[in-house]
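Working notes, structure below.
Throughout, a chain's letter reflects where its sequence line sits, starting with A, and its residues are numbered from 1. Every heavy atom of this structure was used, including side-chain atoms; hydrogens, water molecules and symmetry mates were not.
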Amino acid sequence: MPGPTELAPQYNPQTVEGGLYRTWMERGAFAPTTGPGREPYVIVIPPPNVTGVLHMGHGLNNTIQDVLIRFERSRGRETLWLPGTDHAGIATQNVVERLIAKEGKTRFDLGRPAFVERVWAFVRETGSTILEQLKQIGASCDWSRTRFTLDPAYTRAVREVFVRLWEERLIYRGHRVIHWCPRCLTALSDEEAESKDIEGKLYYIHYPLTDGPDHLTVATTRPETLLGDTAVVVHPDDPRGAPFIGKRVKLPITGIEIPVLADDSVDKEFGTGFVKVTPAHDASDFEIGLRRGLAMPLIMRENGTLGDDGGDRKGDAAPRVPAELVGLDRFEARKKIVKLLEAQGLLAKVESRIHAVRHCYRCDSIVEPRLSDQWFVKMKPLAEPVLDCYRRGEITIVPERWNATFLNWMENIRDWNISRQLWWGHRIPIFTCTKCKHEWADREDRTTCPKCGGPVEQDADVLDTWFSSWLWPFATLGWPDDTPDLRRYYPGHTLVTAPEILFFWVARMLMAGFHFMGKKPFTTVYLTGTVRDTQHRRMSKSLGNGIDPLDVVRLYGADALRWTLIAGGSLGADVILDPDDLETTFAPGRNFANKLWNIARFLLPHLPAEAVRLETIDPGTLTLADRWILSRAEGAVAEATKALEQFRLDEATKRCFEFAWGELADWYVETVKPRLAAGDASARAASAVLLHSWDTVLRLLHPIVPFITEELWQKLPGRRPGDLLITAPWPSPETRRIDARVEAEFGAVQQAITAIRNIRAEYRVSPKTRLAAAIRASGPAARGVFESERETIVRLAQLESVTSDGAALQGAHAVLSDGSEVVVALTGAIDLGQECRRLSDELTRLDKQLDGLAAKLANEQFTSRAPADVVAKERQKEQAWRTQRDALAGKLAALGCG
RNA sequence: GGGCGAAUAGCUCAGUUGGUUCAGAGCGCCUGCCUUACACGCAGGAAGUCGGGGGUUCGAAUCCCUCUUCGCCCACCA
C-alpha cells in the first residue's frame, strides 16, 4: 500500500493528468455504459472547424458539456458525448489558399481536383489537432464515434437530405440579389453576412433631366453603383416628385437615360426623397426592378472590380461601364467616380454617416450585393413544426432570455441560400443534361441523362457548410440507415453552444431533426456566455487578448482551467478573464486542487485499511461533530445535485467548495485529529465518517475537477483494480442524515470557538499563550453540548482550559446568539474601557436590530398582511435576539460599564 | 430604428419565487501566525447609501417607471 507520506506537499497536475486520461481511455470509460434501467443521455459536440485550434470559447463550452456528461454518467445514465469536426468550407479553403499563396499560387493554378486533394492532405495532417487539445482539458467524449462532416457516410446523409428536399420542392433555384464576398468569391447566406456599423459617407448626386435644365438629386452611400441604375423612384405622395414622375433623367458620367417612377416603397423622410435604383446590386432595388420590369445590369465583376458582367439587360447589351473605369477596384472606383462627379458639378454634397454594412463572416470583407443564380431552401415549411413544438414548451432554451430572439428569427425566417462558389465541400448533386436540358438531383453521380441519354454536367458549386452541420445530431449516428446507434441515441438531450450560432446551427438542427427524423434532436439548448478580457472585449487572435487554454493547462492544470471557467460565471453569463494576470485568474482553481491534495495527505494515513461502511458503525460512538459533518455532507449532495439539474454549474461548484474547504477541512478535520490516534471505537467511527465525507466530496467534485478527484479517489482504501471514479455512482441522497438540531448545536460550538479566537486577535494574545476560558451556557441543553465538546473548544481556540463557571473569571466577554456567555481570562491585559466599548458596540448593534424587528412586529399592517409563517419566524427571531441582548446587557452591568 | 442583457466591496462575480444576523464569495488589502495536511496555508480584520431619480408595498439589491453608462442581437431607410 502506498504510504500517503509519499505524496509531495504540493499537487503537480502535470504528473498525473496525462496518465489518468490514458487510463480512462484504455478502460473505455467514455463509451456509453449499457445496462438494465440505463436511459441514454446524449450530447453532440458543436463540431469545431477542422483547422481550428482550441481557444477559451471552446474551453468554456466543452467544459460545460463535460461537467454535464460526467454528472449524468455517474448518475447511471448511458451517456454518449459524440465528438467530431466540421469541414468548415470557406474557413478551411481560405487557410489552404493562404498556404499555397506562399508558394505564389492560387487555387486556379492548381485546378479543382489538385486543390481539393491539397486540402484533404492538410486536413489529414492537422485535422485532429483540436480534438487532441480537447483531451488535454479532460473532455470525456466517446472518441470511437468521432465524425467528420466530409466522411463518406456523412456525405451520403447530406446528399440524401438534398435529394429529398429537392423532391419535396423545398430546394429551388433563385434568381435574385444575394450577398457576395468579392474576396472569398462566393455567395453567402443572410446569416453569414454580418451587419456592422461603420462610418461611411452619404453622397448627394444630381441627375439632370433629359428635357430641360432641371435636375433631381439622389442620395447614396455607394456612388459607384450609379453605373447600374435603371430608374429613379420617388414616393407617389411626395410633392417633390410630382414635376419629375414620368420624365427621364440622364445618369452622370455615362449619360444613359433612365425613367423617374413613382413607387410607394420609398421613405419620404430619407435623403432627398429620390432613390436611385440599381436592381442588380441592391436587394431592395431588385424588388423594385422586378415590380417595374426594369433592366438589371451587373456593372461589377465577381472580384469586386468594375466591368460589365451581364445581368438582365432586357435586350440592351450596351456597355454601362466606361472604358476608363473598367477593372478598377470598387473602392478605387468610388473615389474616381466622386471626382468625376465633382468635375461635372453633379456632386451636391457629402455627409458623414454611420450605417450598417454587411461583412463577410470569414474574411471581414465588405459584402457586395449581387444578382445571381443560387440554390435556396424554402424554410417556412421546415420552421413550422419547430415553432409548434417550441410553443408547446417541449424545447427549452437556457437562459430563457434567448427565447424572444429565437422566436423572432424563426417566425420571420427567410429562405436559405445554400450554394457556395467554393471547391472545398459537398458538391451540389444537381445534374443537367446538356442535350435536353433536363435538370434533377441525384443520390448517385450520373454521366448520362435518364431521359434522353445525353451527356450531363454536375453543378459546379458546393453546399454551405451549415447544410451539413444541421444534420449533425443524426447524420453522426448513421442516418439514413436505421442503425442501432440512431435508434438508441436519437434524440439527444442537451445542446451546449455559443449564442452566435443559434441561427446558423441550432435553429437549423431543430428543423432538420423534425423534418427528417420526425422528432426534435434535443430537449434543452444551453447557450453559454462569451469569454472576454477585463475590458469586456471578446477574446480574439486579432486583438491579441486571448489566453491559450493549453498554456493554462501547462501552468496550473486542466482542473484549474475548468474551475475558473465554471465557478467564474453563472448560467449563460460572460466569463471575464485577465490575459495579463494568469496567476490571479487561475490560482483559485489551482489552490483548491492543492487543498484537496493536502486534505488527502492528512486523511489517508488515518483511514481504515478497508472501506468501512458507515452503517456498520455503532451510532452511539458518533460524536456531535461526526453527525454534523454527515448532515452537512447530505446537504451538499442535495444542493449540488439540484444545482446541476438546473444547469447551475457555478452554484454546484461553490457549494462543493464550501463543503470541502469550509466545513470538512476547516472544521471537521480539525475536530477529529486527536480522536484518530486513539485506536478505539471513537477512532473507528471518526475514520469511517472521514472516509464517507471524503468519498462524497470527491464524487461531487469529479465533474468539475476530474483529474485531481480521480487521482485521490484511487488512493482510498477499498479500491479494487479497475475501480474508477469517473464511472463510480453519484452519491445517493440520504436526507435522513440531515439534522437541523445537530447543525444548531455544532453551530453553537463553532460560535464559541470563533468568539474566543476573535477576542484573542483583538487583544493581540500570542498564539503560544494558553488562556483559560469559561462558558456560561444559556440552558441545560447548551450546557451539555459545551461540556461534551470541551476538548474541541480548548484545542481549536488554543486555550488552556474551559469551564462552565464564568463567574470565576475576569476578562474579555462575548455573548453567543443563544444567549450563552463566553469569558476569556485576560486579567492583566484587559482595559476595562476597551472592553466596555467593545461590548456596548455589540449591544448597540443588537438593539438597533431589535428595534427594527420590534417595530415591525408591532405594526398591525405587517402582522395582518404578511404570511403567518413569516410572522411566526420573525417572532422567534425576536425572542432569540432578546435573549442574546439581555445577556449582553447583564454582562455590561456586571462589568460596571457606563 | 427595434429587442435584450448588464450596472452589488479595489478587481471578477453570486444573491432562485420581495421579509433585517443576506448585504455574500474568491482575488487583492491590513494584523498575527511556518499550530508536524496545506504559506497555493491558518486565525482575525477593514471595505459596498446594492448606477441616479421616482413609484408600488407593512417591508425592495430583489417588482414597476424613468434617466445614465456599457455590451449583445435583429433591421432593405438608399
Side-chain angles (χ1 to χ4, degrees), chain A residues 4 7 9-11 177 195 202 218-222 225 265-267 269-271 274-278 282-287 355-356 369 399 401-402 404-405 408-409 412 499-500 502-503 530 532 534 536-538 556 564 567-570 572-578 581 583-585 587-588 590-605 646 648 650-651 654 657-658 665-666 669-670 673 754 757-758 760-762 764-768 795-796 798 817 845-846 848-850 852-853 855-856 859-867 870-871 873-874 877 880-881 884:
Chain A
L7 297 188
Q10 271 192 13
Y11 172 56
V177 170
S195 288
L202 187 61
V218 299
T220 179
T221 53
R222 295 191 296 153
T225 60
S265 68
V266 176
D267 179 353
E269 308 305 315
F270 186 88
F274 293 99
V275 179
K276 61 191 275 306
V277 180
T278 324
D282 183 282
S284 55
D285 289 2
F286 172 76
E287 297 297 326
H355 62 136
R401 72 183 123 90
W402 287 101
T405 307
N408 181 54
W409 189 79
N412 298 294
E500 56 258 35
L502 182 58
F503 308 141
T530 306
R532 299 175 184 280
T534 48
H536 294 228
R537 300 177 305 179
R538 177 186 227 92
Y556 308 107
T564 294
S570 61
D574 289 351
V575 178
I576 311 296
L577 304 176
D578 187 351
D581 191 355
E583 171 81 13
T584 296
T585 307
R590 176 201 59 183
N591 295 353
F592 181 57
N594 194 238
K595 185 71 179 183
L596 293 175
W597 180 259
N598 276 292
I599 294 171
R601 287 216 307 149
F602 169 78
L603 287 186
L604 291 173
Q646 297 173 344
R648 291 306 307 264
D650 58 321
E651 277 188 9
K654 283 165 189 161
F657 171 84
E658 176 56 23
D666 286 351
V669 165
E670 292 305 326
K673 276 177 177 173
T754 302
R757 284 172 174 170
N758 201 313
R760 295 186 64 112
E762 197 152 335
R764 310 228 174 278
V765 178
S766 156
K768 297 207 165 56
R795 212 160 39 78
L796 297 192
Q798 291 177 283
S817 62
R845 190 184 67 84
L846 275 171
K848 218 173 129 188
Q849 223 169 252
L850 259 172
L853 192 53
K856 187 182 198 179
N859 186 339
E860 173 64 23
Q861 300 282 0
F862 172 68
T863 48
S864 62
R865 293 195 196 188
V870 170
V871 177
K873 229 169 71 185
E874 298 296 273
K877 210 185 294 176
W881 290 0
Q884 186 179 1

Nucleotide [N], atom [atom2] - distance to [atom1] of [X] in whole Å:
| X | N | atom1 | atom2 | answer |
| --- | --- | --- | --- | --- |
| Glu269(A) | A78(B) | CD | C1' | 14 Å |
| Arg590(A) | C38(B) | CZ | P | 17 Å |
| Lys768(A) | G32(B) | NZ | C1' | 11 Å |
| Asn412(A) | C73(B) | CG | C1' | 14 Å |
| Leu7(A) | A37(B) | CG | P | 13 Å |
| Arg222(A) | C76(B) | CZ | P | 14 Å |
| Lys673(A) | U35(B) | NZ | P | 11 Å |
| Lys595(A) | A37(B) | NZ | P | 11 Å |

Sugar-phosphate only, base, or nothing, as touched by [X] at under 4.0 Å among non-hydrogen atoms:
| X | answer |
| --- | --- |
| Ala219(A) | base |
| Val266(A) | base |
| Glu670(A) | base |
| Tyr556(A) | nothing |
| Leu853(A) | nothing |
| Ala356(A) | base |
| Trp409(A) | nothing |
| Arg764(A) | sugar-phosphate |

When you measure from the side chain of [X] to the backbone N and O of [Y], does any donor-acceptor pair fall under 3.5 Å?
| X | Y | answer |
| --- | --- | --- |
| Thr585(A) | Leu577(A) | no |
| Asn408(A) | Ala404(A) | no |
| Arg590(A) | Tyr11(A) | no |
| Arg760(A) | Ser766(A) | yes |
| Asp574(A) | Thr530(A) | yes |

Side chain of [X] - closest among [options]:
| X | options | result |
| --- | --- | --- |
| Phe270(A) | A78(B), C40(B), G26(B) | A78(B) |
| Phe503(A) | C73(B), A37(B), A78(B) | C73(B) |
| Pro588(A) | G41(B), A37(B), C27(B) | C27(B) |
| Asn408(A) | C74(B), A37(B), G26(B) | C74(B) |
| Arg532(A) | C38(B), C72(B), A78(B) | C72(B) |

* Residue whose closest nucleotide on RNA chain B lies nearer the 5' end, Thr220(A) versus Glu583(A) -> Glu583(A)
* Would you kindly compare Ala665(A) and Gly271(A) by the position of their nearest RNA chain B nucleotide and give the one closer to the 5′ end? => Ala665(A)
Close N/O contacts between protein and nucleotides 43-48 of chain B (under 3.5 Å):
residue, atom, partner, partner atom, Å
G45(B), OP1, Asn758(A), ND2, 3.0

* **Salt bridge Arg222(A)-Asp282(A), side-chain N to carboxylate O under 4.0 Å** => yes
* To do: For the pair Glu762(A) and Arg757(A), find out whether any cationic side-chain nitrogen is under 4.0 Å from an anionic carboxylate oxygen.
  => no
* **Atom CD of Glu583(A) with >12 non-hydrogen neighbours under 6.0 angstrom** => yes
Mind checking the [atom1] distance from [N] to [M]? Whole angstroms is fine.
| N | M | atom1 | answer |
| --- | --- | --- | --- |
| G51(B) | A14(B) | P | 14 Å |
| G10(B) | G3(B) | C1' | 35 Å |
| C64(B) | G71(B) | P | 25 Å |
| G45(B) | C40(B) | P | 23 Å |
| G24(B) | A47(B) | P | 12 Å |
| G15(B) | A25(B) | P | 15 Å |
| A9(B) | G48(B) | C1' | 5 Å |

* Structure fact -> Once base and sugar-phosphate atoms are separated, protein heavy atoms under 4.0 Å mark nucleotides 4-19 of chain B, 5' to 3', with B, S and - as SS------SSSS---B
* ring pair (Phe, Tyr, Trp, His ring centres under 6.0 Å) involving Trp881(A) - partner list, sequence neighbours excluded -> none
* For Tyr556(A), all residues meeting ring pair (Phe, Tyr, Trp, His ring centres under 6.0 Å), sequence neighbours excluded -> none
* Stem ranges for RNA chain B, with three or more consecutive Watson-Crick or G-U pairs under 3.5 Å? -> B:1-7 with B:68-74, B:10-13 with B:24-27, B:29-33 with B:41-45, B:51-55 with B:63-67
* **Lys673(A) to Phe602(A) six-membered ring, cation-pi geometry met (6.0 Å, 45°)** => yes
* **Donor-acceptor side-chain pairing of Thr863(A) and Lys856(A) below 3.5 angstrom** => no
* What pairs with Arg401(A) under side chain to side chain donor-acceptor pair (under 3.5 Å), at least two apart in sequence or on another chain? -> none
* Asked: What's the spacing between Glu287(A) CD and Ser265(A) OG if we round to 0.5 Å?
  -> 9.5 Å
